[in-house]
Amino acid sequence: MNGDSFTAGEQLVSPAYIRQGREARRGHEQLIKILLEKGKCPLEAWDESTIELFLQELAVMDSNNFLGNCGVGEREGRVASSMVARRHYRLIHGIGRSGDIAAIQPKAAGSSLLNKLTNSLVLDVLKIAGVRTATSCFVVPMATGMSLTLCFLTLRHKRPKAKYIIWPRIDQKSCFKSMITAGFEPVVIENVLEGDELRTDLNRVESRIQELGAENILCVHSTTSCFAPRVPDRLEELAEICAKYDVPHIVNNAYGVQSSKCMHLIQQGARKGRIDAFVQSLDKNFMVPVGGAVIAGFSNSFLEEISKMYPGRASASPSLDVLITLLSLGASGYKNLLTERKEMFTYLSSELKALAAKHNEHLLETPHNPISLAMSLKNLNYEGGTAITQLGSMLFTRQVSGARVVPTGTSQTVNGYTFKGFMSHSNNYPCAYLNAASAIGIKKRDVDIFIKRLDKCLRLCRKEKHLGAEMAGDLQATKEDVTELTQQLAESLQVEAEDQQLLT
């Protein structure tokens, strides 16, 4: 309602009441005005009524919601189900145009405004989280792996001779397949063991660049967030190597936004050397449905090239989800979640360490990993036993999700590449272990229930181990008895044969 509408309303309802309602509406409009002017995440959370009002205002700016619209094109924002229309707040046209995911749509001013505003808010949050010098970012409706592929394909046009990607090993399929899908050959750099940690082999990275030739290398593809005992790559040193040899550097920051340490590594890498872009998941960092990622960097022109590489328009759902979420949380709410996650990491670490000692195991020392923890399982890793793999199944059936049990001696082939010790980020990690992570949104209750159920499962596994040992002992004793009886029978038969020969 505008001013004329309120004035007309005074003819039906007391002007005093209308003025009161008008002031209330003005409060909502003021929040929207400040948001559009500053393009930053509001400090305090918005209530749902303000968010819904804003989305409705955006929707009526799209041509499919014009009262007198007459659409005669092949894509006019028609939706058969009213439920689907409500689910998307009638923002049907998506984002971008056929040649650029960041372009403005003439027939969808509201959706275009949503897209630009969301990118601006996410950039603000990335700066709040620690990468203060990031200059540009955009939300893309693909998960992390395909978003990395988009970055590699963009670099292809800048480095037409390149065929290799230097990749410090991390046993996660999507980041590996992102390079294969883009048509490049990964050069796998094995990690080095330092204490319990698996760290970047910087000497090997530099020597491979020299051997292959910098002009033949598309980029270095590094990683921040990962499962312990692997830790974030040495981003500062890698960035310096990339700057030295003029090799691009793409960072897989999948769930690193929630970690101040991971974000600090990116900030320092960009300050001391070269980082061209860093990619992060929306669902892992902002607690929205799977299906989106954020590509960010320090060069507006390079980010624009990446956005133009995306073919066609794109779904607005990831942008809409993260916009609603950030407005619902506010900057202070998101900061509180980051603080709570860090506190829960300390709590999970202490509880897991105590449980490990109880079962004669130990918490692996991985101080450089700020999100994931690992507990040894050496007492369950006996020859011929299945206790380690059974532990994973027992946890899952007891509704513990996210925990990973990593045995030794496994191997797996991914797109023609065989990885020994797959899941452990190393060919020969010294022990089997279990992973648990303190990710954004975790609560103390989650930790307490996990520790209780893990304790029970470990006790059951140990009982099975002892029972298996007893059964193995009984079986060995039975085998020995059978051998002895067989020998006695053979001796008896020999004696009988000799007696028969004498009688003959």
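Quick caveat: nothing in here was measured; it's all calculated off a predicted structure.
Counting all heavy atoms, side chain and backbone alike, A439 lies closest to R341 at C-CG, 3.5 Å. Of all heavy-atom pairs spanning F278 and A134, the tightest one is CZ-CB, 4.3 Å. Scanning both residues, D124 and C41, for their nearest heavy atoms gives OD2-N, 3.0 Å. Between F6 and G21, the shortest heavy-atom distance links the atoms CE2-C, 4.4 Å. When all heavy atoms of M287 and G441 are compared, the closest pair comes out as SD-CA, 3.8 Å. The shortest heavy-atom contact between V279 and S147 is CG1-CB, 3.7 Å.
With S332 contributing its side chain and E44 its backbone, the two residues share no donor-acceptor pair below 3.5 Å. A distance-only check finds no donor-acceptor pair linking the side chain of S349 to the backbone of F345 [under 3.5 Å]. A donor-acceptor contact shorter than 3.5 Å is absent between the side chain of N191 and the backbone of D201. Panel note: side chain R234, backbone L202; no donor-acceptor pair is recorded below 3.5 Å. Listed for the E197 side chain is no donor-acceptor partner under 3.5 Å among the backbone atoms of E194. S259 places no side-chain N or O within donor-acceptor distance of the main-chain N or O of G256, the cut-off being under 3.5 Å. Side-chain N or O atoms of N119 include one that pairs as donor or acceptor with a backbone N or O of V139 at under 3.5 Å. Judged purely by atom type and a 3.5 angstrom limit, R159 has no side-chain atom pairing as donor or acceptor with the backbone of P248. Of the possible donor and acceptor atoms, one in the side chain of Q267 sits under 3.5 Å from a partner among the backbone N and O of R132. Without hydrogens or angle criteria, Q105 side chain to S112 main chain gives no donor-acceptor distance under 3.5 Å.
The number of heavy atoms from other shown groups lying within 6.0 Å of NZ (K353) does not exceed 12. Heavy atoms from other residues, nucleotides or ligands lying under 6.0 Å from CD of Q399 number 12 at most. The 12-atom threshold is not exceeded at CZ of R87, counting heavy atoms of other residues, nucleotides or ligands nearer than 6.0 Å. Other residues, nucleotides and ligands contribute more than 12 heavy atoms inside 6.0 Å of the CZ atom of R78. Within 6.0 Å of atom CZ in F396, 12 or fewer heavy atoms from other residues, nucleotides or ligands are found, so the atom counts as exposed in its surroundings. Within 6.0 Å of atom CD in E48, 12 or fewer heavy atoms from other residues, nucleotides or ligands are found, so the atom counts as exposed in its surroundings.
Using a 4.5 Å cut-off on side-chain heavy atoms (C-beta onward), V247 and I241 make no contact. With a 4.5 Å cut-off on side-chain heavy atoms, E304 and K308 count as touching. Side-chain contact check for I104 versus K116: some heavy-atom pair is nearer than 4.5 Å. Between L373 and L348 there is a side-chain heavy-atom pair separated by less than 4.5 Å. Using a 4.5 Å cut-off on side-chain heavy atoms (C-beta onward), L58 and Y89 make no contact. The side-chain heavy atoms of D321 and P289, taken from C-beta on, include a pair separated by under 4.5 Å. Side-chain atoms of P232 and K261, non-hydrogen and from C-beta on, never get closer than 4.5 Å to each other. Contact annotation: the side chain of F450 never approaches that of E351 to less than 4.5 Å [non-hydrogen atoms, C-beta and beyond].
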Take E57 and R25, measure what salt bridge (charged side-chain N to carboxylate O under 4.0 Å, His left out) needs, and give me the verdict at the end.
CA-CA 13 Å; E57 294 280 356; R25 163 110 185 176; 2.9 Å; yes
Take S5 and N2 through the test side chain to side chain contact (heavy atoms under 4.5 Å, CB included) and record every step on the way to the result.
CA-CA 5 Å; S5 299; N2 56 24; 3.0 Å; yes
When you look at C226 and Q172, which way does the side chain to side chain contact (heavy atoms under 4.5 Å, CB included) test go after all the steps?
CA-CA 9 Å; C226 55; Q172 202 270 341; over 6 Å; no
When you look at R274 and D246, which way does the side chain to side chain contact (heavy atoms under 4.5 Å, CB included) test go after all the steps?
CA-CA 8 Å; R274 177 172 181 173; D246 193 26; 2.8 Å; yes
Quick one, F422 with K173, criterion side chain to side chain contact (heavy atoms under 4.5 Å, CB included). Give me CA distance, side-chain angles, the key distance, then yes/no.
CA-CA 10 Å; F422 188 75; K173 291 181 182 178; 4.0 Å; yes
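Counted by atom type alone, D196 and T366 present zero donor-acceptor pairs between their side chains at under 3.5 Å. A side-chain donor from one of T50 and D47 sits under 3.5 Å from a side-chain acceptor of the other. With no hydrogens or angles considered, a side-chain donor-acceptor pair links T224 and N253 at under 3.5 Å. Between the side chains of S225 and K284, no donor-acceptor pair of N or O atoms lies under 3.5 Å. Under the 3.5 Å distance criterion, with hydrogens and angles disregarded, a donor-acceptor pair is assigned to the side chains of H359 and D455. No hydrogens or angles considered: nothing links the side chains of N285 and Y334 as a donor-acceptor pair under 3.5 Å.
Once rounded to the nearest 0.5 Å, the distance linking CG of L35 with CD of Q30 reads 11.5 Å. Taking SG of C137 as the reference point, atom NZ of K127 lies at 9.0 Å (rounded to 0.5 Å). Atom OG1 of residue T133 and atom CG of residue L126 lie 11.0 Å apart, to the nearest 0.5 angstrom. Here CZ of R90 is found 12.5 Å from CG of D62. Values are rounded to the nearest 0.5 Å. The OG atom of S438 sits 11.0 Å away from atom NZ of K443, with the distance rounded to the nearest 0.5 Å. Taking CD1 of I166 as the reference point, atom CG of L238 lies at 10.5 Å (rounded to 0.5 Å).
Among the candidates L55, L117, L121, the single residue satisfying the side-chain contact (heavy atoms from CB on, under 4.5 Å) test with L327 is L121. With K272 as the partner, the salt bridge (Lys or Arg N to Asp or Glu O under 4.0 Å) test is satisfied by one option alone out of E236, E240, E237: E236.
A salt bridge is defined here as a Lys NZ or Arg NE, NH1 or NH2 lying under 4.0 Å from an Asp or Glu carboxylate O, and E343 with K444 fails to meet this definition. A salt bridge does not link R26 to E29: none of the charged side-chain nitrogens sits closer than 4.0 Å to a carboxylate oxygen. For the pair R19 and E23, the salt-bridge criterion is not met [side-chain N within less than 4.0 Å of a carboxylate O].
Classified by interplanar angle (parallel below 30°, tilted 30° to 60°, perpendicular above 60°), the ring pair H425/F227 is parallel.
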